[in-house]
Amino acid sequence: MTFPSPDPQSGWDDVRLQKLWLGVEHREWRSIAVLGASESVETVQIAELLAQLAWRYRGEPSGVSDLRDLSMRLVDYHVREMRAQVAAGTRLVVALRSIFENPTAAPIAKQADAVLLCIALGKTSFRSAEETISAIGRDRVVGSIVLRATPRNSWGRRSG
């Protein structure tokens, strides 16, 4: 799935963005983890997009925590930080690498209210997706998004 570069006037009304937002909003959440289902799935752009959508569609303060390279030593600290931000009224979107690249992804994802699973088209195996879901709990997953596996910059456009 590719997403448009939101135009200040009308880009936020793009049907794909609205569907993405409605998909993650079908369950109440204050924090959501954007988790790769296999190695090398970019999650930070989707996390940034969700935070922008939260602000645009709900008018609520939102933020992104990039915890893709979190070390085990700092897990407890960042869990406390996540809780503090949510308690302060921020809708928090957390970008994580796959559980196969960084083992801290599973415990952080379990601390979020919900998880959006990112699948790379032609790259993520069914087995990897199932292992990821098993590691974080099926009940935490609000949905999945299928991304093209080609290198991309912000908003899903090809680089170059």
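Everything numeric here is computed off the predicted structure, so don't read it as measured data.
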(message) For a side chain to side chain contact (heavy atoms under 4.5 Å, CB included) check, start with the C-alpha distance between Gln111 and His78, then their side-chain angles and the critical distance, and finish with the verdict.
(response) CA-CA 10 Å; Gln111 293 299 315; His78 281 286; over 6 Å; no

(request) Just do the salt bridge (charged side-chain N to carboxylate O under 4.0 Å, His left out) check on Glu42 and Arg148 with the steps written out, would you? (result) CA-CA 10 Å; Glu42 274 304 317; Arg148 291 193 183 141; over 6 Å; no

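Proximity of a side-chain donor or acceptor of Thr104 to a complementary backbone N or O of Leu70 within less than 3.5 Å is detected. At least one donor-acceptor pair under 3.5 Å links the side chain of Asp66 to the backbone N or O of Arg68. Panel note: side chain Ser31, backbone Asp113; a donor-acceptor pair is recorded below 3.5 Å.
The structure places CG of Leu20 at 10.5 Å from CD of Glu25, a figure rounded to the nearest 0.5 Å. Between Thr43 atom OG1 and Ile145 atom CD1 the span is 11.5 Å, to the nearest 0.5 Å. With values rounded to the nearest 0.5 angstrom, Met82 atom CE is found 6.0 Å from Leu92 atom CG. Atom CG of Asn102 and atom CG of Leu35 lie 10.5 Å apart (nearest 0.5 Å). A distance of 11.5 Å separates CZ in Arg30 from CD in Gln85, rounded to the nearest 0.5 Å. The CG atom of Leu147 sits 8.5 Å away from the OG1 atom of Thr124 when rounded to the nearest 0.5 Å.
At a threshold of 4.5 Å between side-chain heavy atoms, the hydrophobic network of Ile, Leu, Val, Met, Phe, Trp and Tyr places Trp55 and Val94 in two separate groups. The hydrophobic cluster containing Leu116 does not contain Val44, counting ILVMFWY residues as joined when their side-chain heavy atoms lie under 4.5 angstrom apart, directly or transitively.
Between the side chains of Ser38 and Ser128, no donor N or O sits under 3.5 Å from an acceptor N or O.
Using a 4.5 Å cut-off on side-chain heavy atoms (C-beta onward), Leu49 and Leu17 make contact. At a threshold of 4.5 Å between non-hydrogen side-chain atoms, the residues Gln52 and Ser62 do not count as touching. Here the side chains of Glu130 and Arg138 are in contact, with some heavy-atom distance below 4.5 Å. Residues Leu96 and Val34 form no side-chain contact, since every pair of their non-hydrogen atoms from C-beta on lies 4.5 Å or further apart. Side-chain contact between Arg91 and Trp29: present, with at least one pair of heavy atoms (C-beta onward) separated by less than 4.5 Å. Counting heavy atoms from C-beta on, the side chains of Ile108 and Val75 come closer than 4.5 Å. Two residues are said to be in side-chain contact when any heavy atoms from C-beta on lie closer than 4.5 Å; Arg97 and Glu39 fail this criterion. Between Leu117 and Thr132 there is a side-chain heavy-atom pair separated by less than 4.5 Å.
The shortest heavy-atom contact between Ala109 and Val115 is O-CG2, 3.7 Å. For Ser98 against Ala37, the heavy-atom pair with the smallest separation is CB-C, 4.3 Å. Closest approach of Trp21 and Leu53 over heavy atoms only: CE3-CB, 3.7 Å.
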